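Heads up: the structure comes next, in structure tokens.
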There are 2 protein chains.
Amino acid sequence: MQEAARRSGIERRRVTIRDVGRAAGVSVATVSRALNGSESVTLETRARVQRVAKELDFVPHAGAQSLSLQRTDTIGVILPDLHGEYFSELIRGLDLGARNCRRNLLLSASHGDISEAIGALRTMRSRVDGLVVMSPFTDGDLLVDAVNGAVPLVLLSTRASAGADAAFGVDNRAGAAAVTRHLLDEGHRPIAFIGGPADNLDAQERLRGFREAHVEARVKPGPVLRGNFREESGFSAGLLLLQKRLPDAVFAANDAMALGCLQALREAGVRIPEDVALAGFDDIPLARFLDPPLTTAGVRIAEIGRQAVECCVGLGEGRATAPTQNLFAPTLVVRASSLNRRRAGPPPSPTGGTT
Amino acid sequence: MQEAARRSGIERRRVTIRDVGRAAGVSVATVSRALNGSESVTLETRARVQRVAKELDFVPHAGAQSLSLQRTDTIGVILPDLHGEYFSELIRGLDLGARNCRRNLLLSASHGDISEAIGALRTMRSRVDGLVVMSPFTDGDLLVDAVNGAVPLVLLSTRASAGADAAFGVDNRAGAAAVTRHLLDEGHRPIAFIGGPADNLDAQERLRGFREAHVEARVKPGPVLRGNFREESGFSAGLLLLQKRLPDAVFAANDAMALGCLQALREAGVRIPEDVALAGFDDIPLARFLDPPLTTAGVRIAEIGRQAVECCVGLGEGRATAPTQNLFAPTLVVRASSLNRRRAGPPPSPTGGTT
DNA sequence: TTGTAAGCGTTATCAG
DNA sequence: CTGATAACGCTTACAA
């Protein structure tokens, strides 16, 4: 038939429901009913069909089922990236949610490009029952348009768009303010800030929290550098900081950049936290293994992913499982990197540590 | 019609090719041809169809296309886990390969359970054009049976099964031997080994490399502990080691366990590498950020993923892109954690360091 | 209880 | 160049 049917290798035709029917001496309808547990099938018929199906190693064609049933049992996910500690944690949560709901995960990366995200969206929207999209762009409405109501849409890290069915995010402002306050409380000033991409909502809010905490404390903020949330940009920012008089502390808008900055400073012989204190945001698993362990704003990344998927599935089933807008509050995680040890002479013992 | 068609929320019917045809005053066949760039369509007709399609925001239904075309443009991937540094890197490579080939990625985790893996396989095999499966179980044949030739199957970290179309892996034995030799060359002995799961092929081979290097050097190996490749098991192993006289060095079968062991030892006040040297396997991104940076066997994880996907796609298109069996050679990555600093008194300066 | 046949949304064949 | 129409593999009214 179809030209494309020419398979490479052994031409092994799929076993279809028709084959099972023929072999069992019943119609395809009966096979379908028998295999899907419909009431109206004789026990005897069902048994025979099941036996034959097993013998023939029949596996229903999921694509055909989807077409007929109008559901795919698949949730599409579009993230800026698929790797790195942050997304890895997120994916763990997404997977967890998908397992709980017995759904598959169709994953795609937008690489931070909104047009790529929209492209992926259009490819996906007819393959999935729902979409979970992380689009930290300021203009999430474009995404909503692309989905066009075809399937439930759950947004991550996005200002609630009127069109989206739900949104999950982190209270970045509060988290950043908490970290900033902590640094100020430790006596560090000025505090430099390494920000994220300008068009990234999370980044904007974190900067805002940083500034508000300074206003509140009546302290003048240190320099604000631009980064892109990647480790390298933190490294570059660190180099930049080294060119002038060092601030007392550096607050990077995420842990990856804090890590990069840490490297740059350390390579220059700057001690953390004795010479410069350091803090990040996200609490990626790596944070506590750094030397020194990194102070940061703890976000339950995986939990967000899980809830997002489960909410998305729920929406597809007509349940409104969660409020439209869900904001997770980060918790301040104080580790050694931010403590004020300027007074200390020799490095303290590994276990102890003065505050 | 179909019961399931009742959608929650606004009942927004999909725009189908039929709608476009009607609006453009042509048949569905012509719409299909016009949109898919067939030669035999008047320029004028094509233009009109395209305009109408855009106006109606028509997006072809991927599922229906798949059913008709017998291809899904999707590669299925089954991994033991979706998170953690190792799989994160692997996924990065898989994504890269998929992008290069313009394919989607259907991801699933087997959580180390072969029956779960088989379940996922059966769900997937009619949704994808090919499968990339990482099944570090000793019996990969079960997987081959489950796929049953329906689509190309590429195995990761598995002994080449007759039934698989290709396999990618790491030369675990050589890598482990190299690390072991390095530790012995540094003068460490005995060396304890923290192994992976017993039924895991990678783990078996790494243990073998460890032993062979000892035989070759005519040195008696230290104790061999059992782990499961996760951080916690490395931690437990570390605790176990602490109960007896400490070995000169510990070689963990992967970096995650090395990390766990490092923690256990450090919490007990043991200095690395002064008191005990440490090495891992994989060179996950985290390894170089540890304190001290971890000596390990460097595996180009992402590269394996990329090649596996591209090979899988190639197989589906009838091309035999790569040899059936592909073994990547790890490179020894020597960092501070394995050096012999037993002679040194006080901790060396951050920059320097004796060998 | 079972079979027939009409969809699900495409593409491809075959006449016109 | 274009239009019917038969697949693709499955589910489900409707009839028997």
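Keep in mind it's a predicted model, so treat the numbers as computed, not measured. A note on names: the letters A, B, ... follow the listed sequences, proteins ahead of strands, and every chain is numbered from 1.
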side-chain contact (heavy atoms from CB on, under 4.5 Å) evaluation trace for B:Arg103 with B:Asp129: CA-CA 9 Å; B:Arg103 292 299 194 282; B:Asp129 294 337; 4.3 Å; yes

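- Using modelled atom types and a 3.5 Å distance limit, the side chains of A:Asn326 and A:Gln307 yield no donor-acceptor pair.
- Note: CD (B:Gln70) to P (D:dA7) measures 13 Å, nearest angstrom.
- Rounded to whole Å, atom P of D:dC1 lies 9 Å from atom CD of B:Glu39.
- Judged by distance alone with a 3.5 Å cut-off, no donor-acceptor contact links the side chain of A:Ser40 to the base of C:dT1.
- In this structure, B:Val59 reaches the sugar-phosphate backbone alone: every heavy-atom distance under 4.0 Å involves primed, P, OP1 or OP2 atoms, never a base.
- Regarding contacts with the backbone of D:dT11, a side-chain N or O of A:Gln65 is found under 4.0 angstrom from either OP1 or OP2.
- Each of D:dC1, C:dT1, C:dT10 was ranked by its minimum atom distance to the side chain of B:Thr16; first place goes to C:dT10.
- In terms of polar N and O atoms assigned as donor or acceptor, the side chain of B:Ser126 never comes within less than 3.5 Å of the base of D:dG9 in a complementary pairing.
- Side-chain atoms of B:His111 never come within 3.5 Å of backbone atoms of B:Asp113 as a donor-acceptor pair (strictly under, hydrogens ignored).
- Under 4.0 angstrom from either OP1 or OP2 of D:dT12 there lies no side-chain N or O belonging to A:Ser32.
- Of the candidates C:dT10, D:dC10, D:dG9, the closest approach to any side-chain atom of B:Phe58 belongs to C:dT10.
- An OP1 or OP2 oxygen of C:dT2 is reached within less than 4.0 angstrom by no side-chain nitrogen or oxygen of A:Ser27.
- Annotation: side chain of B:Leu82 is not in contact with side chain of A:Leu107 (no heavy-atom distance under 4.5 Å).
- Rounded to a whole Å, the CG atom of A:Asn36 is 17 Å from the P atom of D:dG9.
- Between C:dT2, D:dG3, C:dG9, one nucleotide has an atom nearer to the side chain of A:Arg33 than all others, and that is C:dT2.
- B:Thr45 has a side-chain polar atom (N or O) that falls below the 4.0 Å cut-off from OP1 or OP2 of D:dT2.
- Taking atom CZ of residue B:Arg71 and atom P of nucleotide C:dG9, one finds them 20 Å apart after rounding to whole Å.
- Picking from C:dT2, C:dC8, D:dT12 the nucleotide with the shortest atom distance to the side chain of A:Ala29 gives D:dT12.
- Rounded to whole angstrom, the span from the CG atom of A:Leu69 across to the P atom of C:dG9 amounts to 13 Å.
- The CD1-C1' distance, from A:Ile17 to D:dC10, rounds to 6 Å in whole Å.
- Residue B:Ser68 has no polar side-chain atom (N or O) positioned under 4.0 Å from OP1 or OP2 of C:dT11.
- Between A:Arg127 and A:Asp73 there is no salt bridge, since no side-chain N of the basic residue sits under 4.0 Å from a carboxylate O of the acidic one.
- At C:dT1, none of the side-chain N or O atoms of A:Thr42 fall inside 4.0 Å of OP1 or OP2 (strictly under the cut-off).
- Of the residues near DNA chain D, A:Arg18 and B:Glu44, the one whose nearest nucleotide (by heavy atom distance) lies more toward the 5' end is B:Glu44.
- If you check D:dG9, C:dT10, D:dG3 against the side chain of A:Arg14, the one that comes closest is D:dG9.
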